[in-house]
Amino acid sequence: LSLGCAALLAPEKMPFKRYVEIGRVALINYGPEFGKLVVITDVIDQNRALVDFPEQERRVVNFKRLALTDFKVDIKRHAPKKDLKKALAEADVLAKFKASSWGQKLAKQVAKSEMTDFDRFKAAVAKAKKSRAVRKVFNNLKKSAK
């Protein structure tokens, strides 16, 4: 390889960081398990992976239904549930995911979907009140600038 090609293949220059690998934590983005985290325990072929998570059944999932996260746990291929639980606890994956912007966005979506009519009304009133206060301060600043 020439020096130019070697520079292109350097790992720190690669734009892609999330690889399908054993131990990679993924989020299911379609189907009845939508929004659940899983860990890839084996890659079956180029389209499917065997996934597992504590309190869930081990199953085969298509890669199109998985969104890879930045988190990875150190497990062996076909790791038993107890090893998986231990690795997840050591890496503190659930807390890290919930603290990430992706996890917070999902939590907001869930909270919004569980709102009642009265909750939506209260949110609209609070938003209008805040906007009125911001507008008042902005207009005062605008007048003082003239």
Side-chain angles (χ1 to χ4, degrees), residues 2-75 79 81 83-146:
S2 69
L3 185 59
C5 283
L8 288 175
L9 298 176
E12 61 273 356
K13 299 285 183 187
M14 297 292 281
F16 197 72
K17 300 260 189 305
R18 298 176 184 164
Y19 297 103
V20 173
E21 55 191 325
I22 294 169
R24 176 67 62 187
V25 178
L27 184 76
I28 296 188
N29 59 18
Y30 184 82
E33 293 99 10
F34 176 81
K36 291 186 178 178
L37 286 176
V38 292
V39 177
I40 297 175
T41 56
D42 192 16
V43 177
I44 296 172
D45 58 24
Q46 65 185 14
N47 295 317
R48 300 173 301 155
L50 186 67
V51 298
D52 197 5
F53 206 75
E55 292 89 40
Q56 290 182 23
E57 229 177 88
R58 185 173 284 192
R59 63 197 177 279
V60 176
V61 177
N62 196 315
F63 287 130
K64 290 179 182 178
R65 292 185 177 208
L66 293 178
L68 301 177
T69 66
D70 290 332
F71 306 107
K72 184 179 182 300
V73 293
D74 189 31
I75 58 169
K81 289 268 191 200
D83 292 349
L84 183 63
K85 277 185 183 181
K86 184 179 174 190
L88 286 169
E90 285 175 4
D92 200 22
V93 171
L94 286 174
K96 286 180 183 176
F97 182 77
K98 285 181 182 177
S100 71
S101 59
W102 193 355
Q104 290 172 355
K105 179 182 170 184
L106 289 175
K108 282 180 189 175
Q109 287 175 352
V110 168
K112 191 171 182 181
S113 71
E114 292 174 351
M115 287 175 82
T116 63
D117 283 348
F118 187 56
D119 291 333
R120 280 190 285 278
F121 171 75
K122 288 191 293 188
V125 168
K127 184 177 179 183
K129 190 175 181 181
K130 178 183 172 188
S131 185
R132 207 173 305 118
V134 168
R135 197 174 328 112
K136 187 176 181 180
V137 171
F138 178 73
N139 287 336
N140 287 340
L141 288 172
K142 202 170 161 183
K143 282 181 187 176
S144 66
K146 286 184 182 180

Within this structure, what is the [atom1]-[atom2] distance for the pair [X] and [Y], rounded to the nearest 0.5 Å?
X	Y	atom1	atom2	value
L106	K98	CG	NZ	11.5 Å
L27	K36	CG	NZ	11.5 Å
D70	F97	CG	CZ	10.0 Å
L88	D52	CG	CG	9.5 Å
E55	K81	CD	NZ	8.0 Å
E57	E33	CD	CD	9.0 Å

If I compare all heavy atoms of [X] with all of [Y], which pair ends up nearest, and what's the gap?
X	Y	answer
A87	V73	O-CG1, 4.0 Å
K96	F71	CB-CE2, 3.6 Å
F53	V38	CD1-CA, 3.8 Å

Are [X] and [Y] side-chain neighbours, meaning at least one heavy-atom pair lies under 4.5 Å?
X	Y	result
L66	V61	yes
S131	K127	no
I22	I75	yes
V51	R59	yes
D117	F121	no

Under 3.5 Å: donor-acceptor pair, side chain of [X], backbone of [Y]:
X	Y	value
T41	L50	yes
K129	A124	no
R120	M115	yes
D45	N47	yes

* To do: Evaluate side-chain contact (heavy atoms from CB on, under 4.5 Å) for V25 paired with K72, printing each intermediate quantity in order.
  => CA-CA 6 Å; V25 178; K72 184 179 182 300; over 6 Å; no
* To do: In sequence, state the C-alpha distance, the side-chain angles, and the governing distance for Q109 and S113, and then conclude on side-chain contact (heavy atoms from CB on, under 4.5 Å).
  => CA-CA 6 Å; Q109 287 175 352; S113 71; over 6 Å; no
* Crowded around K85 NZ? As in, over 12 foreign heavy atoms under 6.0 Å? ->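 Open: at most 12 neighbouring heavy atoms sit under 6.0 Å from NZ of K85.
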* Partner residues of Y19 under the ring-ring contact (aromatic ring centres under 6.0 Å, His included) criterion, sequence neighbours left out ->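 Once residues adjacent in sequence are excluded, the partners of Y19 under the ring-ring contact (aromatic ring centres under 6.0 Å, His included) criterion are F16.
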* To do: Test side-chain contact (heavy atoms from CB on, under 4.5 Å) on V39 and V93 and set out the steps.
  => CA-CA 10 Å; V39 177; V93 171; over 6 Å; no
* **Residue list, salt bridge (Lys or Arg N to Asp or Glu O under 4.0 Å) with D74, at least two apart or on another chain** => none
